[in-house]
Amino acid sequence: MIVRQEIRALLEQPPIGEEVTVMGWVRAWRGNRFMVLNDGSGPETLQVVVDGDRFGEETLRAIGFHACVGVTGTLTESQGSGQSVEVIATDITIFGGNDLSKYPLQPKKQSMEFLRENAQFRMRTSTFSSVFRVRHGVAYAVNKYFHDRGYYYLHTPIITGNDAEGAGEMFRVSVLDPVNPPKTEAGTIDYDQDFFGKPTNLTVSGQLQAEIGALALGKVYTFGPTFRAENSNTSRHLAEFWMIEPEIAFADLENDMDLAEDFVKYLINYCLENYGGDLEFLDARIREVEKNMKAADRRPMGLVDTLKFVVENDFARVTYTEALDILLRSKAYKKGKFEFPLSWGADLQAEHERYLVEKHFERPVIVRDYPKDIKAFYMRQNDDGKTVAAMDVLFPYIGEVIGGSQREEREDKLRQRMQEMNVHADELDWYLQLRTFGGCPHAGFGLGFERIVQFITGMGNIRDVIPFPRAPRLAQF
RNA sequence: GCCUCAGUAGCUCAGUUGGUUAGAGCGGCGGACUGUUAAUCCGUAGGUCAAAGGUUCGAGCCCUUUCUGAGGCGCCA
């Protein structure tokens, strides 16, 4: 059996003078004497002092960048200034040597793009190991938040038979021969012969099914992979991403917004409390990157300060109509700084959202009550006949992080809207029945998991906060 | 999908109005080094200048097409 101590635990309560055994990957090997080890348990490294006389030439030669080693030795106070404690090695095991003439990574700053192409090794870097520890922390906090508040985790299907969800282009799922699929007499593809006997796709949202759960269990949430076949080439879109979708019965848009704000703040706060070391490291990394940037391109606040600010301040809340008014009265608009026109009924463009968040309110903003024609069929119609009870939560840097709404629980209104928007009622009979039989006011939202991880870690590209990104023309690993 | 910029050594990049044999730092390899902190010092190897085609006496540099990447926009979470 292998027995070892984890570096993170060791540094929390250093047993000075005792013998310890640590195992990990070499981050640096200096002066043929100092080995810096990290084992992934945290961002902290442990310095190992290697007396060349005690170990053979073969062992010394095998120690190198990202080699995997085990060390037994005495934990002592460090003579050097860069660390408080260190291990004086008495025994060294080389688990995996590393041929540096062939290894792609180097002990220096590497570009995010290069590391993305070497995803089999990128988690060994300090940046990515911190990112993925924080990602885990956010995922755990999601489940903890809902569990502690009486929500039930509902697993909605990944393969779906609805093509009426209207949330974007879908990936087809089929086992038919792609070259010569069976045809009907009319000449179309005969999906009756496909695995499910009908066309099926990967899910773009678990919301419609989550509503089934909410109208029985009261409060549910989904947290699973979601797929969009959009040809989106941006730093905040993925073809495969994880989405969190709470759905609650006996709730209106006010309840929905309160939940969204409280939930997001909880996730951020959880990371501040439990992953402070990783966040400090990422904060310092961003400052380093921004050193060479123009002042205007730098963040107004550091990463940790930004996170604290978001947690400590109320989100701004405005209606779509009020937001439009703010934009129309803005200096940016009057000086013609906006590329896209502003008119009631048109969706807010990224430049408008960024103005509201980064210039006007300087904090996260919730925009509610959007024009009904730019929103989905299932959103509850407001009494003004023009707007729906929808809300978007907008964040600095990443834009929309949450989209949600109160759902239309009135069957006649829902049917009328489906007809207007050309959504086929016969395919969503089960969804309509939730209104016919024992319906109630209910609401929910979708939170883009990678987007909130992106915000918390400060990573510029969403592809760098998911271990194996899927995007147009990108399905490696 | 659209717009802009980029692709030169393993990595990050320089390369002048088109002109001889393609440059640096880091990394690698060889050596020195018993308190280093991106260790340092000496030496050394390493190139289909993204690909194809074109202009020219001559192309890393100019033109065309394709591929790849980044940033922005759209779609959205």
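The chains referred to below are lettered A, B, ... by the order of the sequence lines, with proteins before strands, and numbering in each begins at 1. What you see is a predicted model, and the numbers here were worked out from it, not measured in a lab.
Nucleic acid contact class of A:Glu339 (heavy atoms, under 4.0 Å, all strands): none. At a threshold of 4.0 angstrom between heavy atoms, the contacts of A:Phe114 are confined to the sugar-phosphate backbone, with no base atom among them. Within 4.0 Å of A:Glu86, counting heavy atoms only, lies at least one base atom of the nucleic acid. Note on A:Leu238: a base of the nucleic acid sits closer than 4.0 angstrom, heavy atoms only. Contacts of A:Phe340 with the nucleic acid, taken as non-hydrogen atoms under 4.0 Å apart, involve only primed sugar atoms and P, OP1 or OP2. At a threshold of 4.0 angstrom between heavy atoms, the contacts of A:Gly446 are confined to the sugar-phosphate backbone, with no base atom among them. Residue-level contact check: A:Ser78 touches the bases, meaning some heavy atom is under 4.0 Å from a base atom. Among the protein residues, A:Gln79 comes within range of the nucleic acid bases, having at least one heavy atom under 4.0 Å from a base atom. Residue-level contact check: A:Arg54 touches neither bases nor backbone, having no heavy atom under 4.0 Å from any strand. Using a 4.0 Å heavy-atom distance criterion, A:Ser101 is classed as a sugar-phosphate-only contact. Looking at heavy-atom distances under 4.0 Å, A:Gln83 makes contact with a base. Counting non-hydrogen atoms under 4.0 angstrom, A:Asp53 reaches a base of the nucleic acid.
What separates CG of A:Asn98 from P of B:rG28 is a distance of 11 Å, to the nearest Å. What separates CD of A:Gln110 from P of B:rG69 is a distance of 19 Å, to the nearest Å.
A salt bridge does not link A:Arg463 with A:Glu450: every distance from a Lys NZ or Arg NE/NH1/NH2 to an Asp or Glu carboxylate oxygen is 4.0 Å or more.
The side chain of A:His237 lies closest to B:rC75, out of B:rU36, B:rC75, B:rG35. Distances were taken from every side-chain heavy atom of A:Arg30 (C-beta onward) to each of B:rC75, B:rC67, B:rA39; the shortest belongs to B:rA39. If you check B:rU37, B:rC76, B:rC26 against the side chain of A:Gln106, the one that comes closest is B:rC26.
For the OP1/OP2 pair of B:rG69 and a distance below 4.0 Å, the side-chain nitrogens and oxygens of A:Arg463 include no atom meeting the criterion. In this structure, A:Gln47 does not reach the B:rU37 phosphate: none of its side-chain N or O atoms is under 4.0 Å from OP1 or OP2. Considering only side-chain N and O atoms, A:Thr234 lies nowhere under 4.0 angstrom from the phosphate OP1 or OP2 of B:rG74. Between A:Asn233 and B:rG71 there is no side-chain polar atom (N or O) within less than 4.0 angstrom of OP1 or OP2. Close to B:rU68, at under 4.0 Å from its OP1 or OP2, lies a side-chain N or O of A:Arg473. A close approach under 4.0 Å does occur between a side-chain nitrogen or oxygen of A:Arg116 and OP1 or OP2 of B:rA70. When the side-chain nitrogen and oxygen atoms of A:Arg61 are compared with OP1 and OP2 of B:rG30, one or more of them lie within a distance under 4.0 Å.
With a 6.0 Å cutoff to the six-membered ring centre and a 45° limit on the axis angle, A:Arg133 does not count as a cation-pi contact of A:Phe128. A cation-pi geometry, defined here as NZ or CZ lying under 6.0 Å from the six-membered ring centre and within 45° of its normal, holds between A:Arg149 and A:Tyr145.
The aromatic rings of A:Phe223 and A:Tyr153 sit tilted, their planes meeting at an angle between 30° and 60°.
Around CD of A:Glu290, the count of heavy atoms belonging to other residues, nucleotides or ligands within 6.0 Å exceeds 12.
Ring-to-base geometry does not place A:Phe34 in a stacked arrangement with B:rG35 (centre distance under 5.5 Å, plane angle under 30° required).
In this structure, a donor-acceptor pair under 3.5 Å is present between the side chains of A:Tyr378 and A:Gln207.
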